[in-house]
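Comments concern the structure below.
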Amino acid sequence: MPDTTSEHEVKRYRTLFLSDLHLGSRGAQAELLLDFLRHNEADTIYLVGDIVDGWRLKNGWYWPQAHNDVVQKLLRKSRKGARVIYVPGNHDEFARDYTDLNFGGVEVVEDALHVTADGKTMLVIHGDQFDIVVRNARWLAFFGDWAYDFAIVVNTWFNRARRMFGVGYWSLSAWAKLKVKNAVNFIGDFENALASEAARRDVDGVICGHIHHATIKTIAGKLYVNTGDFVESCTAIAEHDDGAFEILRWHNTAAERGASEAFERSRALPDERAAAA
């Protein structure tokens, strides 16, 4: 059931772009994702890679009911009329063997060209093809992935403690990315490579995922849009009816939002009583 407050009613967009859900990994935020899917609808939904974490599942099966619920929710949206387009990434590269096929209404494609409401043509691609570490040093990518998983575990427990005290979400791994010089340089190189690919394909811009860093910017005259992820930053990209893009940030479930709002109201009561005295 959607929240009764207008702020959290179901919202409808022209298009939603989601990536890096990493279902099948312990870091996946399936409950948050389900809450997001309950509160947001779109005519078209792009799944921009790393939806299922095949790397993790190879090392040990982990698939709780909430992960299955996410898949069922996406299939239900397709049955209700939404067009769902799946562009696989490196963690779900097994799905690249099934491009140009349709599974339960979900179209699997290598990449896609999306035309916005205001006429821009956007290349939709996961982006791992432009990550030199993934392409040329796969063992290093796996090692980095292990270190990243450790950071996610720390981040999860840290934010549970913050919620107990009514404090907002904060991402340790996202903060580290923006503080470590090599990570900042990698993000910049990745963004420039994707903008160059948009120029090479003669399109207006690119929508991608992969590096878990949501942003909307213009690079060398090309619009660069990154969906972020639903592991640490819990972000998605929405296209409005006028073609404008927006980053949606979804850090708390409806229940947590309600608890946080109740906590803030309880804190405000002493001030209100003092003012009335």
Side-chain angles (χ1 to χ4, degrees), residues 2 9-23 28 30 32-52 67-129 194 197-198 201 203-210 214 216 223-230 234-248 250:
E9 287 177 355
V10 175
K11 294 184 178 179
R12 188 165 196 92
Y13 300 96
R14 185 173 187 264
T15 318
L16 284 172
F17 301 84
L18 286 157
S19 80
D20 299 271
L21 312 183
H22 290 274
L23 299 174
L32 277 174
L33 181 55
L34 282 167
D35 189 69
F36 175 86
L37 292 172
R38 291 186 190 110
H39 287 84
N40 297 279
E41 300 283 355
D43 299 330
T44 304
I45 300 172
Y46 284 91
L47 304 174
V48 194
D50 287 2
I51 305 306
V52 175
H67 293 208
N68 197 55
D69 292 342
V70 169
V71 174
Q72 292 300 319
K73 186 69 173 174
L74 289 166
L75 291 173
R76 194 173 302 120
K77 286 182 181 291
S78 175
R79 289 196 299 270
K80 290 184 176 180
R83 186 183 181 194
V84 181
I85 302 169
Y86 179 15
V87 180
N90 53 304
H91 281 257
D92 50 11
E93 59 191 350
F94 60 85
R96 287 174 172 158
D97 293 335
Y98 305 100
T99 54
D100 301 321
L101 296 178
N102 187 302
F103 294 94
V106 177
E107 306 168 37
V108 184
V109 298
E110 184 175 354
D111 54 46
L113 292 177
H114 173 74
V115 180
T116 64
D118 56 350
K120 293 188 293 290
T121 300
M122 304 291 292
L123 171 66
V124 183
I125 190 169
H126 181 64
D128 61 289
Q129 302 91 329
L194 268 295
E197 180 65 10
R201 298 207 192 187
V203 295
D204 297 298
V206 61
I207 301 170
C208 60
H210 187 56
I216 301 171
L223 183 59
Y224 171 86
V225 180
N226 195 296
T227 59
D229 68 285
F230 239 94
C234 298
T235 55
I237 296 292
E239 181 201 352
H240 293 273
D241 288 336
D242 62 356
F245 290 111
E246 177 189 0
I247 299 174
L248 304 181
W250 209 262

*Main-chain N/O of H210 paired with D20 side-chain donor or acceptor, under 3.5 Å*: yes

*asked:* I need the E197 CD to C208 SG distance, nearest 0.5 Å.
replied: 11.0 Å

*So, does K77 use its side chain to make a donor-acceptor pair with the main chain of L37 at under 3.5 Å?*
yes

*Hey, does the side chain of H22 reach the backbone of A28 with a donor-acceptor pair shorter than 3.5 angstrom?*
no

*List the steps, then state whether side chain to side chain contact (heavy atoms under 4.5 Å, CB included) holds for L248 with T235.*
CA-CA 5 Å; L248 304 181; T235 55; over 6 Å; no

*asked:* Please find the pair of heavy atoms, one from G209 and one from S19, that lie closest to each other, and give the distance.
replied: CA-OG, 3.6 Å

*Would a distance-only check, ignoring hydrogens and angles, find a side-chain to backbone donor-acceptor pair under 3.5 Å from E239 to Y13?*
no

*Is there a donor-acceptor pair under 3.5 Å between the side chain of N226 and the backbone N or O of I207?*
no

*For the atom pair CG (N68) and NZ (K73), what is the distance rounded to the nearest 0.5 Å?*
14.0 Å

_For the CG atom of D229 and the OG1 atom of T227, what is their distance to the nearest 0.5 Å?_
7.5 Å

_R12/D43 salt bridge by N-O under 4.0 Å criterion_ = yes

_For L113 versus V203, what's the shortest heavy-atom pair and its separation?_
CD2-CG1, 3.9 Å

_Separation of H126 NE2 from E110 CD (nearest 0.5 Å)_ = 13.5 Å

*Is there a side-chain contact between I85 and T44 (heavy atoms, below 4.5 Å)?*
yes

*Would D242 and K120 satisfy salt bridge (charged side-chain N to carboxylate O under 4.0 Å, His left out), going step by step from the backbone distance to the final call?*
CA-CA 11 Å; D242 62 356; K120 293 188 293 290; over 6 Å; no

*Going through the distances and angles, do D92 and Y86 end up as a side chain to side chain contact (heavy atoms under 4.5 Å, CB included)?*
CA-CA 11 Å; D92 50 11; Y86 179 15; 2.7 Å; yes

*Is D111 paired with R201 through a side-chain N to carboxylate O contact shorter than 4.0 Å?*
yes

*Taking side chain as C-beta onward, heavy atoms only, is I125 less than 4.5 Å from L194?*
yes

*Name all residues meeting the side chain to side chain donor-acceptor pair (under 3.5 Å) criterion together with E246; count only those two or more places apart in sequence or in a different chain, and write none if there are none.*
H240

*Please report the C-alpha distance between F17 and V225 in whole Å, then the side-chain angles of each, then the deciding distance to 0.1 Å, and finally whether the side chain to side chain contact (heavy atoms under 4.5 Å, CB included) criterion is met.*
CA-CA 10 Å; F17 301 84; V225 180; over 6 Å; no

*Hey, are K11 and E41 close enough for a salt bridge, meaning a charged N less than 4.0 Å from a carboxylate O?*
no

*Specify the closest pair of heavy atoms between R38 and V10, including all atoms of both residues, with the distance to one decimal.*
O-CG2, 3.3 Å

_Any donor-acceptor pair under 3.5 Å from D204 side chain to M122 backbone_ = no

_Within the structure provided, determine whether Y46 and L18 are in side-chain contact (heavy-atom separation under 4.5 Å)._
no

Mind listing the side-chain donor-acceptor pairs of residues 97-106 below 3.5 Å, one per line with the distance, residues two or more places apart or on another chain?
residue : atom : partner : partner atom : Å
N102    : OD1  : G105    : N            : 2.9

*Dump the intermediate steps for side chain to side chain contact (heavy atoms under 4.5 Å, CB included) on D50 and L21, then the final yes or no.*
CA-CA 6 Å; D50 287 2; L21 312 183; over 6 Å; no

*Can you name the closest pair of heavy atoms from I45 and A82 and give their distance?*
CD1-CB, 4.5 Å

*Charged N-O contact under 4.0 Å between E107 and R83*: yes

*Heavy-atom distance under 4.5 Å between the side chains of I237 and V48, does that happen here?*
no

*Which word best sums up how the rings of W250 and F36 line up, parallel for under 30°, tilted for 30 to 60°, or perpendicular for over 60°?*
perpendicular

*About how many Å separate CG of L223 and OG1 of T121, when rounded to the nearest 0.5 Å?*
12.0 Å

*asked:* Measuring from atom CG of L34 to atom NE2 of H39, what distance do you get when rounded to the nearest 0.5 angstrom?
replied: 11.5 Å

